[in-house]
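Please read the structure below before turning to the comments.
On a predicted model such as this, the values are computed, not experimentally measured, just so you know. For ligands, and for the atoms within them, numbers begin at 1 and follow the listed sequence.
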Amino acid sequence: MASEELQPIQGMADLAPPEINLWQRIERSSRLIFERYGFGEIRTPILEKASVFIRSLGDTTDVVQKEMYLFEDRGGRKVAVRPEGTASVIRYVALKGQDAQAARLYYIGPMFRCERPQAGRKRQFHQIGAESIGGDCAAADAEMIAMQVHLLREIGLRDFKINVNTRGLPEDRVAVTTGLRQALEPHIPQLCDDCRRRIDTNILRVLDCKNDGCKAIARTLPTVTSFMSESSRNYLDEVLRLLKLLEIDVNVNPMLIRGLDYYVHTVWEITHPALGSQDALAGGGRYRITISDRTVEGVGFAMGVERLIMAVQQDDPSAAKGDAKNMVWLVSFGQAAFEENLKLMQALRFRGVRCGMDLSGRGMKAQMRAADRSGATAAVIRGDTELNDGTFQLKDMVDGVQVTVAMPELLERLTSKLTIS
Ligand code: AMP
């Protein structure tokens, strides 16, 4: 058992080969799809003024109250390590003003929440997200869900479910809050402590409480949409109609509210059966965020990469292995061959061939062992005889067959078989 000091912080993980192959594949697929839909990448700072998150996510939300890494820096400034991606993108869009009016931006990177670590729940996790700014219309929401479905399919997932609901507009809030409060009144003694507090601070959260007793009560309540204006209900209907037009199956879930205060109209969550109790693969919604007197509206989503990976691995346990990569190992007998091989290795790499050699001047046996360990599919062996003749011993590391070849044939064989394009 390695010493405690060598372990990363609880809830945070090293990402290295071979698992990283799958991460890279998912990131490549995401970039490909985002580009096709006209989205460009944004990389915002990981550390922000705490107010960026407190204002936009809402100061009664779990993320802000319980989970955000919040501290004062050496200059006494209140800063936060980003718990999610949207708030920073909105800060950027507000800063750019008119220039970012219809921006389409995506991000890929780590987020941090001080939650109790468990399967599928980390303290440093990674999100792939996208934001489409402006476009206050149902078609923009439907397009965003369609893009996300496209992306999940590109990654290789099939078995996911999309739950959709509406949060209505801020104008609906009074009616929704009053209606829910009245409906909940007789059940208050049976609610959990958190939900009794939520009645005054964030009543919608009662609807997605994980406590079984609260869940049973929530199921008896009228739907939030029943308290909303007709136009808010129509907006949701239009999103659903367009999704049907695009042949995307969704389930309308009146209990879905999503935890953050900034949502308006459409909200959605995507679940996958491989994820167990933390079954949310991704979440999204339309939002209206006011930051420093500027209000930004848009629609966006974020998917958890760790959870995507769990889902992909359930479908295909060997997914992390990555593509078998051809490689050639150069083996030298004597100092002159060593130096010629150094030059050859550089020339081959310039031509796109993956190759390596032992650099510490060890004997033949040790070099052949290193070739085996590297997973090389071919070895090129040279000593004084080969240098004098201008030839190479080319050994197939899989079947052990060795042939003598001259430079043109060596290049032809290595570049045609081994080039990674
Ligand atoms: P949220 O905006 O909180 O719904 O997060 C969006 C997605 O990020 C979720 O659906 C998860 O896939 C992922 N996610 C959120 N929190 C965590 C966490 N602590 N660990 C791993 N993934 C997370």
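- Counting only heavy atoms of the protein, atom 13 (C) of ligand 1 lies nearest to Gly304 CA, 3.6 Å.
- Considering backbone and side-chain N/O atoms, Phe125 never comes within less than 3.5 Å of an N/O atom of ligand 1.
- For Ile270, no heavy-atom contact with ligand 1 is shorter than 4.0 Å.
- When only interatomic distances are considered, the shortest N/O to N/O separation between Met303 and ligand 1 does not fall below 3.5 Å.
- With a 4.0 Å cut-off on non-hydrogen atoms, Ala280 touches ligand 1 through its backbone as well as its side chain.
- Ring planes of Tyr69 and Phe112: perpendicular class, angle over 60° (limits at 30 and 60°).
- Applying the 4.0 Å criterion to heavy atoms of Ala302 picks out, from ligand 1, the atoms 6 (C), 7 (C).
- A 6.0 Å sphere centred on CZ of Arg158 holds more than 12 heavy atoms belonging to other residues, nucleotides or ligands.
- Less than 4.0 angstrom separates some heavy atom of Lys122 from each of these atoms of ligand 1: 18 (C), 19 (N), 20 (N), 21 (C).
- Between Glu115 and ligand 1, at least one pair of N/O atoms sits closer than 3.5 Å.
- The side chain of Arg258, and not its backbone, has at least one atom closer than 4.0 Å to an atom of ligand 1 (non-hydrogen atoms only; side chain from C-beta on).
- When the heavy atoms of Glu84, Glu67, Glu306, Arg113 are ranked by distance to atom 3 (O) of ligand 1, first place goes to Arg113.
- What sits closest to atom 12 (O) of ligand 1 on the protein, heavy atoms only, is Leu281 O, 2.9 Å.
- Under 3.5 Å, the side chains of Trp329 and Gln367 contain no donor-acceptor pair of N or O atoms.
- Near Ala282, meaning under 4.0 Å from one of its heavy atoms, ligand 1 places the atoms 10 (O).
- Using a 4.0 Å cut-off between charged nitrogen and carboxylate oxygen, Lys122 and Glu306 do not count as a salt-bridge pair.
- For the 3.5 Å distance criterion, the side chains of Thr271 and Asp279 fail to qualify, holding no donor opposite an acceptor.
- A donor-acceptor contact closer than 3.5 angstrom links the side chains of Glu48 and Ser88.
- Side-chain contact of Asn341 with Arg382: a donor-acceptor pair under 3.5 Å is present, judged by distance alone.
- At a cut-off of 3.5 Å, with distance as the only test, no side-chain donor of Glu131 or Tyr106 sits close to an acceptor on the other residue.
- Distances below 4.0 Å separate heavy atoms of Gly120 from the following atoms of ligand 1: 20 (N), 21 (C), 22 (N).
- Between Gln127 and ligand 1, at least one N/O pair is under 3.5 Å apart.
- Taking the six-membered ring where the residue is Trp, Tyr235 and His265 present parallel rings, their angle staying beneath 30° rather than reaching 60°.
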